[in-house]
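Computed from heavy atoms alone, side chains included, the values below leave out hydrogens, waters and symmetry copies.
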Amino acid sequence: MKNFFILAFTFFLCVSISAQKLEYTTESNLPYYNDSINKSDAYIKERCVLDVYYPKNSPGFATVIWFHGGGLTSGNKELPEALKNQGIAVISVNYRLGPKVSAPKYIEDAAAAVAWAFKNISGFGGDASLIFVAGHSAGGYLVNMIGLDKKWLQAEGIDANKIAGLIPLSGQAITHFLTRKERGIPETQPIIDEYAPLFHVRADAPPLLLITGDRELEMLGRYEENAYLMRMMKIAGHKDTKLYELGGFGHNMTEPAFPLLLNEVRRICKEKKQKK
């Protein structure tokens with residue numbers, strides 16, 4: 001594992017140096033629902049927006065869609081510093097939060113934002129076949145849900161299998177604790193139902209990279225949930241599920257995870273280009 005981190009960090013530095021030569025720009029607060037929906041719902045108009053950070057004059061770039069954490073009750077779209085100047089676009093997404101909305105509204109928002117990216121990223125110069133979906137904590141849960149349960153993106157006219165890779169950081173694999181709370185179920189009672197990524201394991205899903213903090217420092221059994229998701233994906237026949245546990249780091253483990261995320265993006269992009 002130590003050697004892996006050294007190689008990943010070295011690769012991260014190399015791609016950072018080469019990518020810094022590009023010029024980047026950001027377009028902010030773009031609505032991802034259509035005008036008729038935005039006009040009819042003030043909260044959608046407020047929350048359902050995204051920012052697009054992308055390299056100028058460098059067509060064919062990959063895109064990482066990033067969903068923030070916050071337990072589905074707090075947080076705002078963010079552009080992680082570690083994802084800047086990497087030769088890729090980053091789409092940072094806001095979505096509706098509880099208790100103003102309940103399940104499945106936040107999942108629907110995540111799917112709508114991803115669908116927007118598929119339909120619009122080429123207009124910024126990006127390659128729609130190289131769209132990755134990532135997020136931390138609650139954001140990681142949303143990644144898992146829309147990537148594994150195909151119905152959410154199908155409602156937006158997108159095949160979830162077109163996603164180049166799913167990279168949830170410390171996401172829940174069981175039914176999210178907010179959804180359980182909405183039903184009067186305590187946080188300590190695990191549930192696996194239609195709102196659990198584990199309920200939707202399948203062999204034909206996009207590549208799945210699961211990253212968590214140290215099992216002894218993470219919150220609410222988060223490592224064990226992800227370990228079970230990895231095992232069940234493999235039993236279901238999925239050929240490209242990996243799990244990394246970041247020893248010594250707790251739930252806020254994004255900084256050491258970002259080099260692994262970028263390494264996965266580069267790996268898949270390289271493989272796809274070799275197949276063309």
Side-chain angles (χ1 to χ4, degrees), residues 43 47 66-76 78 93-111 133-152 166-202 205 208-236 238 241-257 260-261:
Y43 192 46
R47 286 293 304 181
W66 179 256
F67 290 101
H68 67 81
L72 298 175
T73 61
S74 64
N76 286 293
E78 58 189 6
V93 182
N94 264 356
Y95 49 88
R96 286 173 290 176
L97 302 169
K100 285 192 174 182
V101 299
S102 58
K105 295 301 183 184
Y106 26 78
I107 304 172
E108 293 172 353
D109 290 350
V133 187
H136 174 242
S137 193
Y141 166 78
L142 295 174
V143 171
N144 285 331
M145 282 302 300
I146 64 172
L148 296 180
D149 185 357
K150 299 186 72 173
K151 74 179 181 184
W152 304 109
L166 304 169
I167 312 175
L169 279 55
S170 196
Q172 286 210 259
I174 61 174
T175 300
H176 196 276
F177 59 76
L178 177 62
T179 307
R180 282 178 277 151
K181 182 179 180 180
E182 291 167 356
R183 302 172 181 176
I185 300 170
E187 288 186 356
T188 52
Q189 182 177 341
I191 299 292
I192 298 175
D193 62 11
E194 64 176 318
Y195 292 118
L198 268 163
F199 193 80
H200 304 285
V201 296
R202 56 190 179 88
L208 176 61
L209 174 60
L210 306 164
I211 309 175
T212 76
D214 191 311
R215 69 189 74 184
E216 299 301 331
L217 301 174
E218 265 283 10
M219 64 183 299
L220 301 174
R222 196 60 55 89
Y223 167 79
E224 288 80 6
E225 291 181 38
N226 280 266
Y228 190 36
L229 177 57
M230 175 197 68
R231 181 59 53 202
M232 296 310 295
M233 286 292 287
K234 290 186 174 182
I235 289 173
H238 195 257
T241 298
K242 297 184 292 292
L243 169 63
Y244 292 132
E245 177 187 12
L246 301 181
F249 293 92
H251 185 60
N252 295 321
M253 37 57 78
T254 56
E255 290 309 313
L260 300 175
L261 182 158

Problem set entry | D149 (side chain) donor-acceptor with H200 (main chain) under 3.5 angstrom | no
For this session: Take atom NZ of K181 as the centre, draw a 6.0 Å sphere, and report whether it contains more than 12 heavy atoms from other residues, nucleotides or ligands.
Result: no
For this session: Provide the closest heavy-atom pair for N144 versus P197 in the form atom of the first, atom of the second, distance.
Result: CB-CG, 3.4 Å
For this session: Evaluate whether atom CZ of F177 has more than 12 neighbouring non-hydrogen atoms of other residues, nucleotides or ligands under 6.0 angstrom away.
Result: yes
For this session: For the residue pair Y95 and H68, categorise the inter-ring angle as parallel (less than 30°), tilted (30 to 60°) or perpendicular (more than 60°).
Result: parallel
Exercise. Taking side chain as C-beta onward, heavy atoms only, is Y228 less than 4.5 Å from V201?
Worked result: no
Exercise. Can any side-chain N or O of E218 pair as donor or acceptor with the backbone N or O of T212 at less than 3.5 Å?
Worked result: no
Exercise. What's the spacing between T241 OG1 and L208 CG if we round to 0.5 Å?
Worked result: 4.5 Å
For this session: Answer yes or no: is there a side-chain heavy-atom contact under 4.5 Å between E225 and L229?
Result: no
For this session: I would like to know whether Y195 and L178 meet side chain to side chain contact (heavy atoms under 4.5 Å, CB included); could you show each step before the answer?
Result: CA-CA 11 Å; Y195 292 118; L178 177 62; over 6 Å; no
Seminar exercise, completed: Scanning both residues in full, the closest heavy-atom pair of N94 with R47 reads CB-O, 2.8 Å
For this session: Verify, without hydrogens or angle tests, whether R215 (side chain) and E224 (backbone) share a donor-acceptor contact under 3.5 angstrom.
Result: no
